2 protein chains.
Amino acid sequence: MASLRKTDRHAEDETLGETPDLEEFIGYNLKRAYVIVQADFRRALGEDGFAPRVFSALSLVVQYPNVTQSGLARMLGIERSGLVAIVDELEGRGLLKRTNVPGDRRVQALVPTQKGKTVYAEARATVRAHEEQLLSNLSTDEKATLMALLAKIRANGE
Amino acid sequence: MASLRKTDRHAEDETLGETPDLEEFIGYNLKRAYVIVQADFRRALGEDGFAPRVFSALSLVVQYPNVTQSGLARMLGIERSGLVAIVDELEGRGLLKRTNVPGDRRVQALVPTQKGKTVYAEARATVRAHEEQLLSNLSTDEKATLMALLAKIRANGE
DNA sequence: CGCATATTGTTAATCTAGTAAACAGTTTAG
DNA sequence: CTAAACTGTTTACTAGATTAACAATATGCG
């Protein structure tokens with residue numbers, strides 16, 4: 001998603017001095033912005049850090065201890081089959097544990113460990129700081145506006 | 001990426017009546033919005049329609065006829081190896097053709113066919129209409145603001 | 001109660017998008 | 001002329017995600 005440069009076209013073709021169609025589409029612009037922010041996220045957390053989805057899962061487990069895997073999958077908007085590997089990773093790193101729930105032997109409630117809470121708090125601070133810096137050309141107001149507009153899109157689509 | 005519901009937590013855990021951390025992150029909100037808009041895009045173009053990246057490629061070829069594959073890959077921000085399948089598909093559907101360039105026997109300039117131009121114009125109108133309707137709870141001003149803010153993010157990240 | 005239906009976590013197969021590395025052919029620079 | 005760079009391409013690989021099936025368990029309802 002690089003920018004359009006003069007040298008990407010051939011000399012002989014004309015260059016309608018216009019904005020490319022693509023930039024009219026919200027979807028295209030959303031994707032480009034997302035790719036940039038996502039790359040920054042990965043840079044922030046480094047090689048051995050969390051993938052975005054793993055970070056998101058940990059965040060929710062810390063905030064909603066005893067959430068079930070199905071519940072977590074619903075919150076994340078993914079299939080519960082896809083969550084298994086994510087929870088495996090978090091449990092493998094000792095950041096949460098699967099615990100059985102007295103009333104229902106099907107479910108595995110997810111509980112963050114102390115380490116999980118600590119590691120999440122650090123990761124959260126790191127990601128926040130990186131976002132802050134990546135978006136330093138946006139004012140606080142602009143960031144708030146952006147969040148509000150994105151929330152409106154979400155409100156429509158679900 | 002569904003919404004957070006009371007029933008997704010267990011009865012016994014408390015429910016800090018707070019906004020989930022995740023919604024503080026621009027990256028998370030961008031992704032959620034993007035997923036919604038992308039799903040709408042696919043609905044708009046239907047089963048046999050274009051994937052977003054194929055649509056984007058066609059758009060650029062129509063707007064910049066005689067672009068090379070390398071140039072197009074740069075514009076799209078993908079590797080040129082990844083572009084081969086996309087161009088194959090568009091050529092297979094008769095929407096563009098690879099032509100050789102007099103001065104340079106390495107490159108294949110991409111030229112839209114008449115059908116390509118027509119099909120693109122239709123697809124563009126369809127996608128626009130769907131975006132319009134999906135985002136009908138945003139005013140024209142809000143949409144413009146959103147675009148501008150996304151462009152600012154892009155300006156930072158590249 | 002008993003039985004159909006639904007839910008939970010899980011595995012396995014599959015799909016898409018995308019990257020990285022290598023390549024032969026060709027062009028450019030010194 | 002030779003070394004370096006570029007083009008399109010293939011192949012192999014990874015990540016993220018979906019679907020379908022499954023056994024264990026729970027729920028609803030005659």
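Keep in mind that what you see is a predicted model, and the values were worked out from it rather than measured.
Contact of B:Ser81 with C:dA20 (side chain to base): a donor-acceptor pair of N or O atoms is detected under 3.5 Å. Between the base of C:dT7 and the side chain of A:Arg106 there is a donor-acceptor pair shorter than 3.5 Å.
Between A:Glu79 atom CD and D:dA15 atom C1' the separation is 17 Å, expressed in whole Å. Residue B:Gln108 contributes atom CD, which lies 14 Å from atom C1' of D:dC6 at whole-angstrom precision. To the nearest angstrom, C1' of C:dT11 lies 15 Å from CG of A:Leu83. The distance from atom CD1 of B:Ile86 to atom P of C:dT19 is 10 Å, rounded to the nearest whole Å. Taking atom CD of residue A:Glu89 and atom C1' of nucleotide D:dA15, one finds them 12 Å apart after rounding to whole Å. Rounded to a whole Å, the CZ atom of B:Arg74 is 9 Å from the P atom of D:dC6. When rounded to the nearest whole Å, the span between CZ of A:Phe55 and C1' of D:dG16 equals 19 Å. When rounded to the nearest whole Å, the span between CG of A:Leu72 and P of C:dT10 equals 12 Å.
Comparing atom distances between the A:Gln69 side chain and each of C:dG9, D:dT9, C:dA17 picks out C:dG9 as nearest.
Counting any heavy atom pair closer than 4.0 Å across all strands shown, A:Arg80 reaches a base atom.
In terms of phosphate contacts, A:Ser70 brings a side-chain nitrogen or oxygen within less than 4.0 Å of OP1 or OP2 of C:dT8. Contact annotation: A:Arg105 side-chain N/O to D:dA24 OP1/OP2 distance is not under 4.0 Å. Phosphate contact (OP1/OP2 of C:dG18, side-chain N/O of A:Lys31, threshold under 4.0 Å): present.
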*Show your working on salt bridge (charged side-chain N to carboxylate O under 4.0 Å, His left out) between A:Glu132 and A:Lys143 and close with a plain yes or no.*
CA-CA 10 Å; A:Glu132 196 86 15; A:Lys143 277 182 275 197; 3.7 Å; yes
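Proximity of a side-chain donor or acceptor of A:Thr126 to a complementary backbone N or O of A:Ala44 within less than 3.5 Å is not detected. Side-chain atoms of B:Glu91 come within 3.5 Å of backbone atoms of B:Arg98 as a donor-acceptor pair (strictly under, hydrogens ignored). Judged by distance alone, the side chain of B:Thr113 and the main-chain N or O of B:Leu95 form a donor-acceptor pair under 3.5 Å.
Comparing A:Asp104 and A:Asp88 by the nucleotide of DNA chain C that holds the closest heavy atom to each, the one mapping nearer the 5' end is A:Asp104. If you find the closest nucleotide of DNA chain D to A:Arg42 and to A:Gly103, the one lying nearer the 5' end belongs to A:Arg42.
The aromatic ring centres of A:Phe25 and B:Phe41 sit 6.0 Å or more apart.
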